[in-house]
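See below for the structure under consideration.
Just follow the structure's listing: the first ligand is 1, and inside any ligand the first atom is 1.
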Amino acid sequence: MTDTLQNAVLAALRDPSHRISSAWLYDQRGSALFEAITQLPSYYPTRTEIDILDTHLPEITAAIPEHTLVVELGSGSSRKTVPLLNSLHQPAGYVPLDISADYLADAANGLSAQFPGLPVLPRVADFTSAFDLPADLPEHGSRLGFFPGSTIGNLDTGNARDLLRHCRMLLGGDSRFLVGIDLDKSPDILIPAYDDPEGVTAAFNRNLLVRINRELGADFDPDDFRHEARYFEAPARIEMHLVCERAITIHVAGERFELTAGESLHTETSRKYNIEAFSTLAAGAGWSVSGHWIDARGRFAVMLMHATPL
Ligand code: AVJ
């Protein structure tokens with residue numbers, strides 16, 4: 001990911017695709033709006049994954065040795081992490097990795113309070129570039145990567161494979177990886193999930209412009225842009241766009257950009273997998289699927305993978 005917001009925005013405005021990493025959506029307000037999205041009737045992934053974990057965690061953790069160190073990508077919501085830590089046999093410690101330092105600190109403090117004896121070692125990290133684990137890890141047996149929420153879907157295939165491979169190296173030869181993936185399905189379900197009638201996802205998307213104005217002194221008018229969720233079949237994905245409603249001129253970091261009506265900023269991609277496609281991707285990165293659990297409506301899957309020789 002481009003190092004600074006300024007570089008990311010300038011690169012996006014100069015490039016015809018106007019694509020920017022979705023990681024920039026998550027300032028404090030963005031993270032709060034995402035939390036609100038997970039409560040929406042049309043946004044099924046979070047509650048569906050929680051249901052799968054609530055139902056199948058005993059089976060999933062039965063396959064994981066005691067004294068395992070849990071490394072979570074994204075310190076997101078403890079609604080998934082707490083049940084996992086409760087279900088594991090004497091976990092050795094918990095290492096949450098997240099790009100949002102404030103969010104990370106809050107989540108880590110919350111978990112330390114709930115698990116007084118458990119070493120919690122938060123680390124600010126951006127998984128779209130090489131990241132490392134804290135140096136002073138507690139004594140532990142094997143390691144378990146935990147990557148819920150289908151956040152892996154926000155990476156394109158190459159970056160997703162690179163991330164899985166990096167985790168394979170970081171977690172080691174006797175490790176396991178528990179990943180949540182949103183499954184491909186009809187756009188009749190996907191579009192409302194990413195363009196809800198309540199307008200929360202639209203606010204989440206437009207908040208990026210508010211952030212850019214605040215942090216870079218730019219002059220975007222969020223009302224000049226319409227939120228749009230677009231479904232594509234191959235590879236199956238939803239793209240979020242901010243579509244310019246009229247010809248405008250904007251100024252960012254001393255540079256001037258003209259946008260015509262209909263031009264859009266591409267702010268997020270959310271890949272939708274099937275079990276086979278994801279298993280193939282994982283196999284190319286040193287992981288083999290040892291189990292998967294899908295909800296009754298076939299909307300979301302939790303995959304348990306174990307390390308294979310690289
Ligand atoms: C970050 C993957 C959990 O892509 O589904 C929700 C973010 N974007 N609504 C997703 C998101 C629009 C979400 N995840």
Side-chain angles (χ1 to χ4, degrees), residues 1 19-53 72-81 96-100 103-104 107 125-128 146-157 159-160 163-164 178-187 189-209 211 225-232 235-243 264-273 278 295 299-303:
M1 181 170 93
R19 188 166 177 188
I20 187 166
S21 165
S22 57
W24 296 110
L25 293 162
Y26 296 90
D27 61 352
Q28 194 93 11
R29 176 152 167 66
S31 298
L33 283 165
F34 172 61
E35 237 3 83
I37 287 171
T38 64
Q39 310 299 323
L40 294 170
S42 62
Y43 189 78
Y44 60 85
T46 307
R47 71 176 69 87
T48 306
E49 184 174 37
I50 288 170
D51 290 349
I52 293 170
L53 293 173
E72 178 168 356
L73 279 67
S75 67
S77 75
S78 54
R79 283 176 293 166
K80 301 171 189 172
T81 313
L97 309 166
D98 201 290
I99 197 162
S100 166
Y103 219 68
L104 185 64
D126 152 24
F127 357 111
T128 57
F146 183 43
F147 197 15
S150 192
T151 302
I152 194 159
N154 293 147
L155 303 173
D156 58 31
T157 310
N159 287 337
L163 175 69
L164 289 171
L178 193 60
V179 182
I181 56 167
D182 194 19
L183 298 173
D184 189 19
K185 56 187 68 65
S186 161
I189 298 170
L190 283 171
I191 299 275
Y194 289 85
D195 190 6
D196 50 279
E198 294 86 352
V200 182
T201 310
F204 172 64
N205 202 3
R206 278 208 193 86
N207 176 61
L208 177 63
L209 302 176
R211 180 189 187 169
F225 292 83
R226 179 182 77 248
H227 166 69
E228 207 171 83
R230 301 175 181 172
Y231 175 73
F232 297 86
R237 66 193 188 279
I238 284 277
E239 292 184 1
M240 288 205 313
H241 286 257
L242 288 168
V243 183
S264 73
L265 302 181
H266 176 184
T267 55
E268 185 190 65
T269 294
S270 204
R271 271 292 311 278
K272 308 303 172 185
Y273 287 96
F278 190 78
D295 62 298
R299 290 183 166 191
F300 200 95
V302 171
M303 313 286 288

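For a threshold of 3.5 Å applied to N or O pairs, the pair formed by Lys272 and ligand 1 contains no separation below that value.
Only the backbone of Ser150 comes within 4.0 Å of ligand 1, counting heavy atoms alone; no side-chain atom from C-beta on gets that close. With a heavy-atom cut-off of 4.0 Å, Asp182 does not touch ligand 1 at all.
Between the side chains of Tyr44 and Lys185, a donor-acceptor pair is found at a separation under 3.5 Å. Checked by atom type, the side-chain pair Tyr194/Ser270 shows a donor-acceptor distance below 3.5 Å. Tyr26 and Asp98 share no side-chain donor-acceptor pair at under 3.5 Å. Between the side chains of Asp196 and Thr201, at least one donor N or O sits under 3.5 Å from an acceptor N or O.
Nearest protein neighbour of atom 14 (N) of ligand 1, counting heavy atoms only, is Asn154 OD1, 3.8 Å. The protein atom (non-hydrogen) at minimum distance from atom 13 (C) of ligand 1 is Tyr43 OH, 3.3 Å. Considering only non-hydrogen protein atoms, atom 3 (C) of ligand 1 sits nearest to Gly149 O, 3.1 Å. The single protein non-hydrogen atom nearest to atom 11 (C) of ligand 1 is Glu268 OE2, 3.6 Å, given as residue, atom name and distance.
With respect to Thr269, the side chain to side chain contact (heavy atoms under 4.5 Å, CB included) criterion is satisfied by exactly one of Arg230, Met240, Arg19: Arg19. Of the listed residues (Glu268, Glu228, His227, His241), just one forms a side-chain hydrogen bond (donor to acceptor under 3.5 Å, both in side chains) with Asn205, and that residue is His227.
Relative to the six-membered ring of Tyr273, Arg271 meets both conditions, a distance below 6.0 Å and an angle of at most 45° to the axis.
Of the candidates Ser270, Ala229, Pro45, it is Ser270 that places a heavy atom closest to atom 4 (O) of ligand 1.
Here is the list of ligand 1 atoms found below 4.0 Å of a heavy atom in Thr151: 1 (C), 2 (C), 3 (C). Those atoms of ligand 1 with a heavy atom of Tyr26 less than 4.0 angstrom away are 1 (C), 7 (C).
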